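Report on one structure; see the data block that follows.
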2 protein chains.
Amino acid sequence: MFEKVLIAEDHQSIKISVTQTLTNLGIEARDNYAYDCDNALQRLKKALQDNAPFELLITDLSFDDRAISIISSGKELIDAARALQPSLKIIVFSAESSASVIGKLFEEQGVNGYVKKGRSDTEELQKAVETIHKGKTFISPGLQQAVKAKNAHDFTPLDIAIITQLAKGMLQKNLPAYLQEQNLKPSGLSSVEKRLNHIRETLHISSNEQLVAFCKDKKII
Amino acid sequence: MFEKVLIAEDHQSIKISVTQTLTNLGIEARDNYAYDCDNALQRLKKALQDNAPFELLITDLSFDDRAISIISSGKELIDAARALQPSLKIIVFSAESSASVIGKLFEEQGVNGYVKKGRSDTEELQKAVETIHKGKTFISPGLQQAVKAKNAHDFTPLDIAIITQLAKGMLQKNLPAYLQEQNLKPSGLSSVEKRLNHIRETLHISSNEQLVAFCKDKKII
DNA sequence: TTAGCCGATACGGATTCCCGTAAAAATTAC
DNA sequence: GTAATTTTTACGGGAATCCGTATCGGCTAA
């Protein structure tokens with residue numbers, strides 16, 4: 001079993017339960033807890049320098065950053081941790097259920113496991129640690145299919161840029177200039193209109209306001 | 001100290017910590033846990049019928065309702081519980097930090113305490129239980145001022161109805177008919193335009209898309 | 001009662017958005 | 001290299017929104 005596991009979690013109540021789960025697995029829980037991302041990365045670095053690296057990171061996704069921090073989300077922490085120590089195994093332990101978000105964790109960031117906070121999360125977490133120790137990946141039951149099932153519409157980087165700017169108040173007629181600045185193509189106003197129209201149609205959405213609401217709900221923007 | 005406390009919480013990891021906190025307070029934690037709102041209300045009813053009512057309810061706000069449930073959010077549970085048993089003390093234990101949401105819990109629903117999940121949430125929860133047992137209210141440190149600080153704009157029920165419909169795809173020209181159906185006044189198209197214009201101005205927002213995004217972020221709609 | 005005030009509604013011009021069509025450019029096929 | 005296809009862009013009419021102004025209707029105070 002793993003011997004050194006780092007917990008990155010800003011909720012004390014959850015940290016206590018996770019620690020208990022690790023103890024049940026026979027993993028020593030001492031000096032292995034960070035309540036923000038900066039501190040978590042620091043500990044990973046220190047352990048690496050001391051030739052006693054962590055083997056597994058269990059991290060949340062959202063941290064409320066009260067202080068000015070360099071890394072303020074689990075997503076960024078994962079990238080930084082992997083860059084620092086490619087061999088590190090990573091379990092995300094979060095309440096996030098958006099297929100879009102979870103899908104990216106596996107596909108773009110290569111996490112080893114995802115446990116959704118829920119009715120049986122401690123058992124699931126325990127199973128996840130065991131499964132990953134055997135070299136396999138783990139995902140909470142029921143989420144597998146949700147992540148595989150593609151959205152009716154796959155949002156491209158262009159789509160996301162367009163909708164993000166709309167949500168920031170940019171008029172759609174000003175989008176071409178912005179998209180050119182960002183080197184995003186196509187940038188013509190007609191193309192923007194066509195793209196938005198296409199998205200609305202496939203999602204059965206009738207206005208830009210509704211589209212912004214949809215993307216906010218699905219955590220796409 | 002309280003003798004009967006009910007926990008309504010759908011995350012096992014948190015339930016474990018809350019139970020432990022209650023134990024630390026000398027409160028017996030047996031048969032006092034519900035993982036969804038329907039079940040929680042059922043237990044409150046049963047205990048009342050048996051002449052052994054719960055004295056305190058500790059509840060989360062968000063429950064992911066996998067099954068078809070009558071009550072699916074903590075907000076509704078609170079109303080139902082208060083209707084059933086007005087004397088019941090209620091602590092909300094949630095990660096929600098939106099001033100709008102928390103403010104309403106106290107002002108409209110009269111909860112006795114709010115503990116935000118965070119770095120010291122178990123200590124805070126313990127303190128909350130003690131404080132409320134003395135007949136006072138409790139709110140997590142730092143949130144007090146956030147809740148008191150009013151938003152730049154106070155959203156009226158009319159505002160919320162308008163923006164909600166926009167976010168559902170309704171065209172603004174169709175709003176007058178809808179508002180009349182809902183007996184909301186004023187309902188004239190000019191009034192709707194004027195209202196939206198006023199909101200955008202006070203919040204320094206330039207489009208309806210941005211307004212919808214803002215309200216989604218602040219959990220106003 | 002009536003003059004004055006204020007909010008709601010009606011109206012109209014300017015702007016923006018929607019959407020279909022056509023031209024232009026880029027890509028692919030042969 | 002040229003034709004065919006697709007993608008991007010340009011254009012224009014109609015709809016919806018934005019915003020200023022004016023009218024309507026209820027309310028208050030002298």
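No experiment lies behind these values; they were computed from the predicted model shown. Residue numbers begin at 1 in each chain, while the letters A, B, ... track the order of the sequences.
B:R195 comes within 4.0 angstrom of nothing in the nucleic acid, heavy atoms only. Counting any heavy atom pair closer than 4.0 Å across all strands shown, A:K194 reaches a base atom.
Counting atom types as modelled, B:S190 pairs a side-chain N or O with a base atom of C:dA10 as donor and acceptor under 3.5 Å. Taking 3.5 Å as the limit, the base of C:dC17 and the side chain of A:E193 contain no donor-acceptor pair of atoms between them.
Contact check of residues 157-177 of chain B against DNA chain C (heavy atom, cut-off under 4.0 Å) returns no residues at all.
Along DNA chain C, the nucleotide nearest to B:E209 and the one nearest to B:L189 differ in position, and the one closer to the 5' end is contacted by B:L189.
Rounded to an integer number of Å, the gap from B:Q180 CD to C:dT9 C1' is 12 Å. For B:L196 and D:dC19, the CG to P distance is 10 Å, given to the nearest whole Å. Between the NZ atom of B:K185 and the P atom of C:dT9 there is a distance of 9 Å, given to the nearest Å.
For A:K15 and A:D10, the salt-bridge test fails: no basic side-chain N is under 4.0 Å from an acidic carboxylate O. Remark: A:D159 engages A:R195 in a salt bridge, criterion side-chain N to carboxylate O under 4.0 Å.
For the pair A:K117 and A:F93, the cation-pi test (distance below 6.0 Å, angle within 45°) is passed.
Between B:Q165 and B:Y178, the side chains place a donor N or O and an acceptor N or O closer than 3.5 Å (distance only, hydrogens not considered).
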Just list the side-chain donor-acceptor pairs under 3.5 Å for residues 68-89 of chain A, sequence neighbours left out, or say none.
unit_1: A:S73; atom_1: OG; unit_2: A:E76; atom_2: N; d: 3.3
unit_1: A:S73; atom_1: OG; unit_2: A:E76; atom_2: OE2; d: 3.2
unit_1: A:D79; atom_1: OD1; unit_2: A:Q109; atom_2: NE2; d: 2.8
unit_1: A:D79; atom_1: OD2; unit_2: A:Q109; atom_2: NE2; d: 3.1
unit_1: A:R82; atom_1: NE; unit_2: A:L88; atom_2: O; d: 3.2
unit_1: A:R82; atom_1: NH1; unit_2: A:Q109; atom_2: O; d: 3.3
unit_1: A:R82; atom_1: NH1; unit_2: A:G110; atom_2: O; d: 2.7
unit_1: A:R82; atom_1: NH2; unit_2: A:L88; atom_2: O; d: 2.8
unit_1: A:R82; atom_1: NH2; unit_2: A:N112; atom_2: OD1; d: 2.9
unit_1: A:Q85; atom_1: NE2; unit_2: A:F54; atom_2: O; d: 2.7

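For the OP1/OP2 pair of D:dC18 and a distance below 4.0 Å, the side-chain nitrogens and oxygens of B:N208 include at least one atom meeting the criterion. Contact annotation: B:N197 side-chain N/O to D:dC18 OP1/OP2 distance is not under 4.0 Å.
The backbone N or O of B:L143 lies less than 3.5 Å from no partner atom in the side chain of B:Y114, so there is not a single donor-acceptor pair.
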